[in-house]
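Counting starts at 1 for both ligands and their atoms, following the listed order. When reading the values below, keep in mind they use all heavy atoms of this one structure, side chains included, and skip hydrogens, waters and symmetry mates.
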Amino acid sequence: MQYSRIDEAINIMRKNDRGGFTIPTPRLYPFQWNWDSAFAALGFATFDRQRAWQELEMLFEGQWEDGMVPHIIFRRDDPDYFPGPSVWQTNSNPPSSGHSQPPVIASIMRLLVEDGAQFDHQKAEALFDRAFAFHRWWHEARDPDGTGLVAIVHPWESGRDNCPDWDLGMGNIDVDPQLEAYQRRDTSHIDASERPTELQYDRFLTIVKFGRDCGWDQHHIYRHGPFLAGDPGIQFILLRADRDLLQLARLFGKADQAAQLESWIERSVEGCNLLWNEACGGFCSKDLKTNTFTDSLTSASTLCFWASAGTTEQRAEVARQMRAMLENVRHGMPSWDPREGRFEPKRYWRGPVWAVINFMIASGLGELQLIDLADRIRADTLELVEQAGFYEYFNPETGDGLGGGDFTWTAAIYLTWAQGLEGSRAA
Ligand code: DGY
């Protein structure tokens with residue numbers, strides 16, 4: 001595979017640098033996003049280690065006292081984005097949103113350490129306690145009953161905002177009649193056909209209003225909030241990150257934390273079974289308000305490979321389903337099953353291909369020796385970028401670039417593959 005856009009990728013990352021932290025793309029996303037930023041660190045690591053760690057250090061500057069690393073760190077307001085800090089009103093310093101995003105940070109830290117030198121070891125050791133507190137937050141605030149299944153309280157917390165996975169839970173939300181009038185900004189930057197709908201935004205904001213009205217009491221939000229779902233994406237990403245953090249705990253001689261991580265891992269492995277949907281032959285999201293599965297697989301279902309989750313038989317079945325999904329598109333991995341009715345190849349998380357998801361899927365597949373599938377996902381991603389450029393997401397049927405352009409995490413994944421900075425087998 002030829003990498004003809006390396007300089008362009010580096011330039012995008014530099015251009016999106018706002019002085020130690022990176023925005024995903026100008027105007028559409030003008031702040032620091034949690035998982036975008038962690039992937040940005042991976043991209044920076046291919047050409048500037050110091051800058052890579054600075055990205056993570058600045059991300060942890062937004063960490064709350066309870067350990068949560070919020071999904072957006074605002075630092076300052078920006079009229080290009082809605083909903084900004086005045087809507088969230090979290091009273092945090094720096095200002096931030098009130099829930100989290102997929103916890104990939106520890107996995108990126110481990111990659112940087114294993115691929116790096118003494119410098120990386122020291123930087124990771126200095127951030128270890130913060131990463132550990134973040135994981136504790138996930139296990140306690142998002143699984144207070146210790147079921148082994150962590151939940152999300154807002155579709156934005158999954159990172160897969162408008163995926164059909166959330167249609168059931170979102171459909172049961174009555175839009176708060178007290179919701180203030182608002183003006184979206186995203187659809188003034190991007191074609192509305194590539195973004196969530198108006199009704200989805202009303203519901204997204206109804207959930208935000210609930211959090212704001214209870215002073216961001218995370219326990220109250222989990223128990224009584226308008227939305228609660230189990231998400232294979234979050235479940236697998238946290239399980240993988242727990243394992244990666246365990247490796248770092250052992251490396252740094254942190255015995256107590258290692259023991260705690262081992263027990264979280266054991267519980268989460270059990271919890272994965274709660275997402276196994278026999279009818280679909282895979283891991284599916286579940287609306288936890290009604291205890292109802294979604295009826296289709298997504299690209300997040302295939303993150304079981306990233307976490308090495310499930311039994312050998314379960315993973316073989318997911319691989320079979322994955323091949324069937326891939327037969328129905330030109331470019332994998334579609335974010336929703338193309339065989340299903342609600343598939344929309346242009347609309348955000350309802351069909352398009354995302355480079356960071358592909359990175360995790362392909363790494364996991366490679367580690368599990370499913371080489372043909374790993375190669376397909378990786379080759380498809382690189383072809384999309386080579387042909388269309390560094391877009392936020394891509395049409396799985398036509399290969400067109402969609403959403404924001406000059407996108408940080410797409411550039412980061414391209415550089416990561418170009419430089420061979422890749423995942424190692426989770427313990
Ligand atoms: C957005 O504004 O679309 C973000 O994805 C929410 O985090």
Among all protein non-hydrogen atoms, which one is nearest to [atom], and what is the separation to 0.1 Å?
{"atom": "atom 2 (O) of ligand 1", "answer": "Y81 OH, 2.6 Å"}
{"atom": "atom 3 (O) of ligand 1", "answer": "R195 NH2, 2.8 Å"}
{"atom": "atom 7 (O) of ligand 1", "answer": "H71 NE2, 2.7 Å"}

R14 atom CZ: more than 12 heavy-atom contacts under 6.0 Å: no

Closest non-hydrogen atom pair between G282 and L297, with its separation: CA-CD2, 3.7 Å

Min heavy-atom dist F204 to ligand 1 below 4.0 Å: no

Exercise: do D244 and S107 side chains pair donor with acceptor under 3.5 Å: yes

Nitrogen or oxygen of W156 less than 3.5 angstrom from that of ligand 1: no

Nitrogen or oxygen atoms of D161 and ligand 1 under 3.5 Å apart: yes

Ligand 1-proximal atoms of Y348, by part, heavy-atom distance under 4.0 Å: side chain

Ring center gap for W354 and Y393 short of 6.0 angstrom: yes

Sub-6.0 Å ring centroid separation between W64 and W137: no

Pairing of D202 and K209 as salt bridge, 4.0 angstrom limit: no

